[in-house]
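Encoded as structure tokens, the structure appears first; notes follow it.
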Amino acid sequence: MSDLRAKYLEQIGAAPDAAALEGVRLAALGKKGEIALKMRELGQMSAEERQAAGPALNGLKSEIDAALKARKSALEDAALDARLKTEWLDVTLPGRPRPTGSIHPISQVMEELTAIFADMGFAVAEGPQVESDWFNFDALNIAPEHPARQEHDTFFMHRAEGDDRPPHVLRTHTSPVQIRAMQAQGAPIRVIAPGRVYRMDMDQTHTPMFHQVEGLAIDRDISMAQLKWTLEEFCRAFFELDEVELRFRASHFPFTEPSAEVDIRCSWDNGQLKLGEGNDWLEILGSGMVHPHVLRAGGIDPDQWQGFAFGMGIDRIAMLKYGIPDLRAFFESDLRWLRHYGFAALDQPSLAAGLSR
Ligand code: PHE
């Protein structure tokens, strides 16, 4: 009996896992286990023998049983410890950085259109947003009584009494950069001028600040046909279309003669806009041949040189290209909103650095 006891207690203590332990239990206490066999032998014993062996056997049985239970819970504790160790989570680790911020649709479109015009030989010209009214109006052949100057369109800069500097405005278009480019570099010229412009205008589709890109090409024999080719080429590249069709509508601007507003062929299907096909037209820019008065104001001889100019709304073409239905994306610049339209987080550190400057 003490041999049995020693054997099983040792096996229990050595059982490496629950399965091994169950094996020991069956061998000892199972129906055909060694203890059960011994119990059966009790029947063949004399009464005295039985009186001594019975309780001893029962004692052994419960001792083994208790040892099994103890070993089982020890094994479970060890398993739990091991699991806790592998599943350990260091909450003090710094989080993985997620790229934040996103390039603004307007910035992206400015980069896109600058690249396309650069391929056609256009450099970028700039001018101030607070502009003298001479550059913004007079030099562009806009007479003092022209409606564009009137208070409801133009933001005039305040002047203190006695301030005799020339009157200034927030530029109402990028066209004054035409004059600045002419004065700065003379003919020939091929420039675009993207930037902010301001008008006192505020409704669902207008905001007091918006963006235009001006185009100006001056040479000995620049023609309207070249204007048309340039704009078609631009639209094909910018809107990523094989075919675009532009419609030139006779119009009037004081600084071009003749003048044309340009529409792009499109269709509206269930509120879904498609460019390049359909029976609708969407205005995207104003254009024309540079007026001789304007060339002269820029210091260029209109008998020697001629050119075309155009002015295009950047917000408008950005919305068209990216299917942005309203101006929220531009002014709230909500990241979730921008991501919805595919504007990814900045992942080019160099670009991000450049933009934050
Ligand atoms: N400056 C004009 C506007 O803001 C656009 C334009 C530019 C038209 C150049 C003709 C030539 O509406």
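Indexing begins at 1, ligand by ligand and atom by atom, following the structure's order. Every heavy atom of this structure was used, including side-chain atoms; hydrogens, water molecules and symmetry mates were not. Values in this document were obtained by computation on a predicted structure and should not be read as measured data.
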Side-chain donor-acceptor pairs of residues 29-38 under 3.5 Å, sequence neighbours excluded:
from : atom 1 : to : atom 2 : distance (Å)
E34  : OE1    : K7 : NZ     : 2.8
E34  : OE1    : Y8 : OH     : 2.6

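- Residues satisfying the side chain to side chain contact (heavy atoms under 4.5 Å, CB included) test with A187, not counting sequence neighbours, are I218, I300, W305.
- Residues E240 and K321 form a side-chain contact, since some pair of their non-hydrogen atoms from C-beta on lies under 4.5 Å apart.
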Every pair of nitrogen or oxygen atoms between ligand 1 and the protein that is under 3.5 angstrom apart - can you list them with their distances to 0.1 Å?
from     : atom 1 : to   : atom 2 : distance (Å)
ligand 1 : 1 (N)  : H173 : ND1    : 3.0
ligand 1 : 1 (N)  : S175 : OG     : 3.0
ligand 1 : 4 (O)  : R199 : NH2    : 2.9
ligand 1 : 4 (O)  : Q212 : NE2    : 2.9

Under 3.5 Å, sequence neighbours excluded: what are the donor-acceptor pairs made by side chains of residues 61-70?
from : atom 1 : to  : atom 2 : distance (Å)
S62  : OG     : N58 : O      : 3.0
S62  : OG     : G59 : O      : 3.3
E63  : OE1    : R5  : NE     : 2.9
E63  : OE2    : R5  : NE     : 3.0
E63  : OE2    : R5  : NH2    : 2.6
D65  : OD2    : K69 : NZ     : 3.4

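- In this structure, H173 has its ring center no closer than 6.0 Å to that of F253.
- Both tests hold for R180 against F135: distance to the six-membered ring centre under 6.0 Å, angle to the ring axis within 45°.
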